[in-house]
Undergrad: 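Got a structure here, written out as structure tokens. Questions coming.
Hydrogens, waters and symmetry mates are skipped; everything else that's a heavy atom, side chains included, is used.
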Amino acid sequence: AAAAERNPELGFRLAVSLEDVYRGSVKRVQVPRSLACASCRASGSSDPGGRVVCPDCDGHGVVIMEQRHGFMVERVQVPCSTCEGTGRYVPPSSRCKACGGRGLRKERVVLEV
């Protein structure tokens with residue numbers, strides 16, 4: 001689930017001289033990336049059965065928002081904000097301390113370009 005989340009494409013401005021380009025100079029750049037949390041095995045829960053069915057959407061991942069416009073009623077289906085549309089979530093008491101329940105941890109990696 002969380003391990004499938006990918007970083008967006010990143011772009012950097014890197015000032016290099018024509019001489020650096022000609023000589024094939026190597027520059028180092030730090031980039032952020034997300035890795036699966038090893039503590040919870042990317043589940044986000046410190047307990048093996050810590051992910052539970054979302055109480056707000058009953059596991060459907062969506063909720064129905066209703067708005068009145070005079071005598072008309074508009075119903076809109078939107079992703080559940082509690083479980084972010086997954087239908088399951090990790091209660092605060094079961095969240096992994098290492099990743100805060102996200103299942104991912106941030107890391108900075110040095111690339112040579």
Undergrad: Output yes when a side-chain donor or acceptor of S46 lies under 3.5 Å from a complementary backbone atom of S94, and no otherwise.
TA: yes

Undergrad: When rounded to the nearest 0.5 angstrom, what distance separates CD in Q77 from CZ in R75?
TA: 12.0 Å

Undergrad: Mind checking the SG-CD1 spacing from C80 to I64? Nearest 0.5 Å is all I need.
TA: 11.5 Å

Undergrad: Residues in side chain to side chain donor-acceptor pair (under 3.5 Å) with S45, at least two apart?
TA: none

Undergrad: Would you mind reporting whether V52 and P91 have side-chain heavy atoms less than 4.5 Å apart?
TA: yes

Undergrad: Looking at every heavy atom in both L104 and C99, which two are closest together, and how far apart are they?
TA: O-CB, 3.3 Å

Undergrad: How close do V90 and G44 get, counting heavy atoms only, and between which atoms?
TA: CG1-O, 3.6 Å

Undergrad: Could you state the interatomic distance from OG (S17) to CZ (R23), rounded to the nearest 0.5 Å?
TA: 8.5 Å

Undergrad: I'd like to check S34 versus K106 (side-chain heavy atoms, cut-off strictly below 4.5 Å). Are they in contact?
TA: yes

Undergrad: Just jot down the side chain to side chain contact (heavy atoms under 4.5 Å, CB included) partners of V16, sequence neighbours excluded, or say none.
TA: L14, D20, V21, K27

Undergrad: To the nearest 0.5 Å, what is the distance between SG on C83 and NE2 on H60?
TA: 11.0 Å

Undergrad: Flag the pair V31 / R33 as yes when at least one side-chain heavy-atom distance between them is below 4.5 Å, and no otherwise.
TA: no

Undergrad: Measure across C54 and Y89 and return the closest heavy-atom pair with its distance rounded to 0.1 Å.
TA: CA-CD2, 4.0 Å

Undergrad: Give the intermediate values and the outcome of side-chain contact (heavy atoms from CB on, under 4.5 Å) for residues E66 and V73.
TA: CA-CA 7 Å; E66 201 170 277; V73 177; 3.4 Å; yes

Undergrad: Do M65 and V62 sit in one hydrophobic cluster, given that two such residues count as connected whenever their side-chain heavy atoms are within less than 4.5 Å of each other, even indirectly?
TA: no

Undergrad: Please check if atom CZ in R108 has more than 12 non-hydrogen atoms from other residues, nucleotides or ligands closer than 6.0 Å.
TA: yes

Undergrad: Are the side chain of R88 and the backbone of R51 linked by a donor-acceptor contact shorter than 3.5 Å?
TA: yes

Undergrad: Which residues, ordered by chain and number, are linked to L18 in its hydrophobic cluster, where ILVMFWY side chains connect at heavy-atom gaps below 4.5 Å, directly or through other members?
TA: none

